[in-house]
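Report on the structure given below.
Given the structure is predicted, the values throughout are model-derived calculations rather than measurements.
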Amino acid sequence: MSGTSPLKIAIVAGEESGDLLGADVVRSLQRMTGREIQLVGIGGRHLQELGLKPLFDGSEIALMGITAILRDLPRLIRRIGETAKAIAEAKVDCLITIDSPDFSLRVAAKVRKLNPATPTVHYVCPSVWAWRPGRAKAMRPYVDRVLCILPFEVAELERLGGPTGTYVGHRLVQDPGVLTAAAAQAQPRDLSNGRQKTLLLLPGSRRGEVKKLLEPFGETAKVLRARGHQLRLLLPTVPHVAPIVSAAVAGWDDKPEVILDPARKWQAFGEADAALIASGTVSLELALSRVPMVSAYKLDAIAGLVQGLVTVWSALLPNLIADRCIVPEFYDRYVRPQNLARHLEALFSDTGFRAWQKDGFAEVARRMATARPSGEIAAEAVLAEIEKASVK
């Protein structure tokens, strides 16, 4: 590699989270090499601020769920071909694909065919440890390295015959909001009987899951009140589901505080005595914030059909990272308010159950810690692949 010539990097990032990760890597590459970074590919405003002129709007590939992907399949296939062709013709030093595996990994496979010399790094390991484990080995012909954000993924890739994995850490570990909430949770807390308890309700960010879970969440709060608990309900949500949330809670006896401001969300995490959540990434946010929780989820029709393909023993990241059952999880017909209420009740006071979760969350944080920022570790791995390709 020339020490003065620009470093040409292709990036494929559709989600906002992927755009942030990509920008972090690019900034680290600039600092570590002192070279100009020329970008080609797909990305959002963070990568565009660093000079990327996207081939098309990244929101086109930010699809969630099997139904959405099948509906837009013809357009996605066309975009995959266009993206791969543009990247291959650009003769880049490295291709970095970020998350959105149904799109980005297909681009990587086509680029490898068009220009076999291009090293490829994929950021955010697909959940091969949870379902469709054959995807790990399938990546090997066209992905040289996977940057993992969960500590157990490196070993899982090796076990499944996938590409080399490098644990770079997770952005949430150093997230200012998480650190603020964790500091608040670390303060002495009055958990005596008769005191008002603050319950955090997190029914998800997708319309379908919110509609399915708000009713049992409201019923759970009603059961807790009937059992003598004074409750303060906090319900952080996002703008696109806020109307659904407001309509659903209008008839509740105790109206929750509906929270849209991100800063207020982290304050709520710090104030909560316990949380009732939809299974998802929020479980990791809460674990790192040290908020005791109970998880529930109701599968949609398509997810129910593919449920048999799931190979992982838990759907919650804190459980998987700690490798033990820290947080109880309930699905479909087991999402019963009477049951959820009693589990939450056990977290409202200084019980062994609460201590078990708090100890587990500390273990999650220990296992996820890295000695350096994730952007630096990721950039170092990218440079290693570029160097390896240059001496072939």
Neighbour count above 12 (heavy atom, 6.0 Å) for Lys255 NZ: yes
Side-chain donor-acceptor contact under 3.5 Å, Tyr297 with Glu209: yes
Verify same cluster id: Leu172, Leu20 (apolar side-chain graph, 4.5 Å): no
Greater than 12 external heavy atoms within 6.0 Å of Arg78's CZ: yes
Heavy-atom pair of closest approach, residues Ile386 and Pro119: CA-CG, 4.3 Å
Gap between atom OG of Ser192 and atom CZ of Phe348 - 0.5 Å precision: 13.0 Å
Residue pair Arg264 / Glu257, side-chain heavy-atom distance below 4.5 Å: yes
Heavy-atom donor-acceptor pair, Gln230 side chain to Gly194 backbone, under 3.5 Å: yes
Any side-chain heavy-atom pair of Val294 and Phe330 under 4.5 Å: yes
Inter-residue atom distance Ile37.CD1 - Arg27.CZ, 0.5 Å rounding: 12.5 Å
Check: Ile149 main-chain N/O paired with Glu153 side-chain donor or acceptor under 3.5 Å: yes
NZ/NE/NH1/NH2 to OD/OE distance under 4.0 Å, Arg324 and Glu363: no
Polar side-chain atom of Lys358 near backbone of Pro292 as donor-acceptor pair, under 3.5 Å: no
Candidates Arg232, Arg354, Arg290, Arg189 - the one meeting salt bridge (Lys or Arg N to Asp or Glu O under 4.0 Å) with Asp273: Arg189
Common cluster, Leu231/Leu191, ILVMFWY with side-chain heavy-atom separation under 4.5 Å: no
Minimum heavy-atom distance between Leu260 and Val238, given as atom pair plus value: CD2-C, 3.7 Å
Gln185 versus Ser289, side-chain donor and acceptor atoms under 3.5 Å: no
Arg79 NZ/CZ over Phe103 ring centroid, <6.0 Å and within 45° of normal: no
Backbone of Met368 reached by a side-chain donor or acceptor of Tyr167 within 3.5 Å: yes
Minimum side-chain heavy-atom gap Leu320-Val312 below 4.5 Å: yes
Exercise: identify the closest heavy-atom pair between Glu376 and Arg31: CG-NH2, 4.5 Å
Side-chain heavy atoms of Ser100 within contact of Glu15, under 4.5 Å: yes
Hydrophobic cluster identity match, Val223 and Val335, side-chain contacts under 4.5 Å: no
Aromatic Trp129 / basic Arg159 pairing, under 6.0 angstrom, 45° off normal: no
Donor-acceptor contact present, side-chain Gln48 to main-chain Pro54, <3.5 Å: no
Trp266 side chain near Glu271 side chain, heavy-atom distance below 4.5 Å: no
Whether over 12 other heavy atoms sit under 6.0 Å from Asp190 CG: yes
Ring centers of Phe353, Trp356 separated by less than 6.0 Å: no
Short side-chain to backbone donor-acceptor contact, Thr33 and Leu29, under 3.5 Å: yes
Flag, side chain of Asp19 to backbone of Leu47, donor-acceptor distance under 3.5 Å: yes
Minimum side-chain heavy-atom gap Arg112-Thr118 below 4.5 Å: no
Pair Arg336 + Glu219, salt bridge at N-O below 4.0 Å: no
Thr166 side chain to Arg145 side chain, donor-acceptor N/O pair below 3.5 angstrom: yes
For Leu317 against Leu150, the heavy-atom pair lying closest together: CD2-CD1, 3.5 Å
Hydrophobic cluster identity match, Ile377 and Val121, side-chain contacts under 4.5 Å: yes
Inter-residue atom distance His170.NE2 - Leu288.CG, 0.5 Å rounding: 8.0 Å
Test item: Asn319 side-chain N/O and Val327 main-chain N/O as donor-acceptor pair under 3.5 Å: yes
Atom CD of Glu158: over 12 foreign heavy atoms under 6.0 Å: no
Neighbour count >12 (heavy atoms, 6.0 Å) for atom NZ, Lys85: no
Non-hydrogen atoms of Ala278 and Gly204 that approach each other most closely: CB-N, 3.7 Å
Criterion side chain to side chain contact (heavy atoms under 4.5 Å, CB included) on Lys8 and Cys94, from CA distance to verdict: CA-CA 7 Å; Lys8 189 175 285 188; Cys94 187; over 6 Å; no
Test item: Arg342 side-chain N/O and Gln338 main-chain N/O as donor-acceptor pair under 3.5 Å: yes
Residue that, paired with Leu235, satisfies side-chain contact (heavy atoms from CB on, under 4.5 Å) out of Val249, Ile259, Leu199, Leu202: Val249
Backbone N/O of Ala242 and side chain of His240: donor-acceptor pair under 3.5 Å: no
CG-CD1 distance between Asp323 and Ile321, expressed to the nearest 0.5 angstrom: 11.0 Å
From Ser283 atom OG to Phe361 atom CZ, the distance as rounded to the nearest 0.5 Å: 9.0 Å
Candidate pair Gln357 and Leu347, rule side chain to side chain contact (heavy atoms under 4.5 Å, CB included), full reasoning: CA-CA 9 Å; Gln357 284 206 0; Leu347 294 173; 4.0 Å; yes
Among Arg195, Glu345, Gln196, the one residue meeting side chain to side chain donor-acceptor pair (under 3.5 Å) with His229: Glu345
OH (Tyr334) with more than 12 external heavy atoms under 6.0 Å: no
Step-by-step side chain to side chain contact (heavy atoms under 4.5 Å, CB included) determination, Val92 to Ile9: CA-CA 6 Å; Val92 297; Ile9 302 293; over 6 Å; no
Joint cluster assignment, Val173 & Val124, ILVMFWY side-chain distance < 4.5 Å: yes
Atom pair NZ (Lys110) and CG (Leu114), whose distance is rounded to the nearest 0.5 Å: 7.5 Å
Heavy atoms of other groups near Glu49 CD, more than 12 under 6.0 Å: yes
Leu224 to Ala341 - nearest heavy-atom pair and separation: CD2-O, 3.4 Å
Test item: Leu157 and Cys148 side chains (from C-beta on) under 4.5 Å apart, heavy atoms: yes
Side-chain heavy-atom pair Leu200, Leu286 within 4.5 angstrom cut-off: yes
CA sep, side-chain torsions, deciding dist, call: Glu36, Leu7, side chain to side chain contact (heavy atoms under 4.5 Å, CB included): CA-CA 6 Å; Glu36 177 192 353; Leu7 195 61; over 6 Å; no
